[in-house]
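First comes the structure, then the notes that go with it.
Sequence lines set the chain letters: A, B, ... in the order given, protein chains first and strands last, and positions in each chain run from 1.
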Amino acid sequence: MDALAGRARFDPAEVEAGIIARWIQSGLFHPEPGGDSADAYAIAIPPPNVTGSLHMGHALNGSVQDVLVRYHRMRGIRTKWILGTDHAGIATQMQVEKALRAEGSSRREIGREAFVERVWEWREHYGGTIVEQLKRLGASCDYSEERFTLDEPYARAVAEVFVALHEKGLIYRDRYIVNWDPGTRSAISDLEVEEREETDTLYSIRYDLDGGGSVTIATVRPETMLGDTAVAVNPEDARYGDLVGRTAILPLIGRRLPVIADDYVKSDFGTGQLKITPAHDPNDFEIGRRHGLPQVSVIGEDGRMTAEAGAPYAGLTVMEARAAVIAALEAEGRVVGSEPYLHSVPYSHRSGERIEPLISLQWFMRMDELARPAIEAVQSGAVRIVPESQRKVYLEWMAEIRPWCISRQLWWGHRLPVYYCDSCGGEHVARLAPQSCPECGGALRQEEDVLDTWFSSALWPFATLGWPEDTPQLRAFYPTNVLSTARDILFLWVARMIMMGIELTGRPPFRDVYIHAIIQAPDGRRMSKSLGTGIDPLGLIDGGPRPPVFGDGSHPPGSFPAYGADALRWGLLSMASSQDVRFSEERIAQGQALSNKLYNAVRFALTRIDEQPEVDLQSLCPQPLPLTVEDRWMLSRLQRITVQTTAMIEGYDFSHAALGLYDFVYGELCDWYIEMSKHRLAAGGEGARELAATLLHVLRHTVALAHPIIPFVTEELWGHLGGEGLLAGAEWPRPADELIDEEAERQVSRVIEAVTLVRGWRDSVAARPGQLVPARIAAEGYEETGAALARLARLELASGNGAGPVPVAAVSVPGGTIEVLSEDGLDLHAAQRRREAESARLATEIERVQAKLANERFVQRAPDAVVQAEREKLARLQGEMEAL
RNA sequence: GGGCGCAUAGCUCAGUGGGAGAGCGCUCGCUUCACACGCGAGAGGUCCCUGGUUCGAGCCCAGGUGCGCCCA
């Protein structure tokens, strides 16, 4: 109590660290594995990059998951939030390479072994920040068991999966066209490619035909013509039917190119005659395979032209070669046209460089067989995707899934468990590295490539629990209940987890997939460090730099105030309702206001109760005592908000859960219940004692309901309210049907309306705020609430009925009027304008309702209840008009 | 090229067939014995446009415009 007495504001900075420590120390976040997963609740966190730091997406997703986890823990369910980090192959390797460059070195200079060593050191140094940041957010992860996708047990799971899928024939090696990223010098998967609209020059080039005539092809990549092995037209294209089977001569090179027919060729693009470069265009590659065309690779993995491109071009960069090829063609008079052309160009999501499609020897995973049961799982509802709209996105992508290039020419990651024998040329895939070639005894060398990071991430929900061993953890927590993430990794990660989970464990890895909203910068762009549109969530908790886009108009931009973790959580959750939403600092401020409001409500209750000589706080038993109408109303509303909040959380509607609590705390608990019942505390005695019991009950219940969303302030207040143990481990409030009281709800909502109307009237007659206005209630339905009406509207009620002074004014309220008995200190004249406005409004309303009721078709066809309601409304409005 | 979503107050957003809402901002008032991160009262809207369904449309349907995202 004393701790609260002097402090008018809740100060998150003062209590957050201590509360986190108590939570973690309590062991509440670490459930002992036991029993069956059907009785448990588990969420596997999307593992953040080990060297990353918390961004707004993590903060939102962390808040979402923590609401779910805290709620279920309070329901008494054995609850585990599986924590860990991802080695994030390319991202991490690029960070370390950047550091090496700054030192004037490179990974190639120091060699693979030293480089990998260096990355581990980097991880030791910079890793783990994000886990500490999650603690600051209040995330109730199981910090005692942190996983890492490159840890030894995890690596065993990865090798096991590779070998198993290889044995099934799903993993294979192939020379295939891949997305080559010259920036990382590695192949990347289709999903890591980002298409960007760009304007290039579309050249039209004339190829002569053997035996006379010519074809004209259109291309934005003339340098690739050096690798052409055919010319194609659409088989339906009447113009060119006679060309098929003839031979074109490749300019500059002289190679003879068959003219073929293929459906892929669009007759209305360019001339309808297409050059085919199987080695450098994914579509041409497919056409080449269909027609058995040779593949001529003219661009190498270094992004330069190869020897096969021919002497003048070998060694040139792609752009140099383009200029040289065009110059040579122009010299021959073969460029018959050029025009600007807008098209989409593939870029590497990783390095930002332009993708160079080329043929490379890589490892692939065939996905169609794995996709089938994963599609079925979602179709049957075994896996639910929320919101529903994302379900279709998933199903459509899965239906057209393509092989996944899983090898990466990187050094940081899981090296493929493939061993080559140089003596006999054998290839061995094994869980444990063989000492020598099982066939000839020769020396073995392990595949240099590592696996795509997402390969190991795909195993996350079960590999973190000890799979492939049959561990107690696995039995206790797998399958997990929910996977929460943003939609940008639905394919990259979620779909692959579902496929791998079903394939390897026989069960989908989670029951629900919750796809949360993406929070954009205030200007509508995505939040990103590189765009300058990102903010550090901790800067909102502790106070931190405010980027210009988040400016409050001041120059220079200045900083964010320290809002505290609860404010951040409430704000983010309240924002994230529709698909994309712009960050609004006001919502964070609103969350802070809510925390403070709750804090002060509790502070008020406790300090007032403590002042009562008759009331001993320690022995007081908080319980619902529905004595007065406002008690009954409050307790009834409390049941409703309980049902509502529970349903919102269960339905993943966090925004409405957060906003609903705000409305309850401000609009019902503080503005009305506390205001209506204050005087009973001041009066003391038995009434004060009874009220105290109810008020404390209501506060405890409210604080518990709000805990999953704003855990810090509620945990702090729980202690002051005499709650047993930690609120994080307390029981989730249950609604009590017997406390629902619709009559009390009607009465109190009526008095609320009346108080508001009288206050508005007071304002219009310039009554001083504190002035008691003599009045009489000439309205029905205020038998139990009249005293409250008088107190809150500052009226001095005349005793007796009918007799007494003649009213000087009447304020229309539900059920009648409030008659004002004295004009002392009131400017009744000033109320004239208000009356006129009100009268005009009523007249319009009455007219509309009358017109409606005069409409025969309305009276005939609308439901009786609606018609009846309109009639009652008309009567009410006319009554109000008369009162004026 | 295909698909999905959005358009409501100055700003950020609720509102899925029956009297247009919240927070912030704005105006006016308030040392009302919890809270100025507060309290009270106000001003502010062609619910993007056109057409349709319906007794009745912000809400349902069609078309259009603008913006965003995903896939190819």
Q) When all nucleic acid strands are considered with a 4.0 Å heavy-atom cut-off, which category describes A:L598: base, sugar-phosphate, or nothing? A) nothing
Q: Indicate, with a heavy-atom threshold strictly under 4.0 Å, whether A:R791 touches base, sugar-phosphate, or nothing.
A: nothing
Q: For the residue pair A:Y599 and A:F10, categorise the inter-ring angle as parallel (less than 30°), tilted (30 to 60°) or perpendicular (more than 60°).
A: tilted
Q: Using a strict cut-off of less than 4.0 Å between a Lys/Arg side-chain nitrogen and an Asp/Glu carboxylate oxygen, indicate whether A:R221 and A:D284 qualify as a salt bridge.
A: no
Q: Could you tell me which residues satisfy side chain to side chain donor-acceptor pair (under 3.5 Å) with A:D653, sequence neighbours excluded, listed by chain and number?
A: A:H656
Q. Using the P atom in both, what is the distance from B:G40 to B:U32, to the nearest Å?
A. 13 Å
Q.
Within the structure provided, determine whether A:Y176 and A:P282 are in side-chain contact (heavy-atom separation under 4.5 Å).
A. no
Q.
Under 4.0 Å, heavy atoms only, any strand: does A:R848 hit a base, just the sugar-phosphate, or nothing?
A. sugar-phosphate
Q: Hey, can you tell me if A:F654 and A:Y652 have their rings parallel, tilted or perpendicular (30° and 60° cut-offs)?
A: perpendicular
(Q) Suppose we screen for ring-ring contact (aromatic ring centres under 6.0 Å, His included). Which residues come up paired with A:H349, at least two apart in sequence or across chains? (A) none
(Q) Tell me which pairs pass salt bridge (Lys or Arg N to Asp or Glu O under 4.0 Å) where either residue lies in residues 749-764 of chain A, with sequence neighbours left out. (A) none
Q. Mind checking the C1' distance from B:C33 to B:G38? Whole angstroms is fine.
A. 14 Å
Q: Would you mind classifying the nucleic acid contact of A:E845 as base, sugar-phosphate or nothing, using non-hydrogen atoms under 4.0 angstrom?
A: base
Q.
Applying a 4.0 Å non-hydrogen cut-off, can you work out what A:P863 is touching in the nucleic acid: base, sugar-phosphate, or nothing?
A. base
Q. Do A:W672 and A:V748 have side chains that get closer than 4.5 Å, going by heavy atoms?
A. no
**Q.** For A:K678, side chain to side chain donor-acceptor pair (under 3.5 Å) partners two or more places apart
**A.** A:E675
Q.
Generate the contact string for nucleotides 32-44 of chain B. Rules: B means base contact, S means sugar-phosphate contact only, - means no protein heavy atom under 4.0 Å.
A. SSBB-BSSSSS--
Q | Contact under 4.0 Å: A:R587 side-chain N or O vs B:G23 OP1/OP2 | A | no
Contacts under 3.5 Å, N or O only, protein and nucleotides 69-72 of chain B:
none

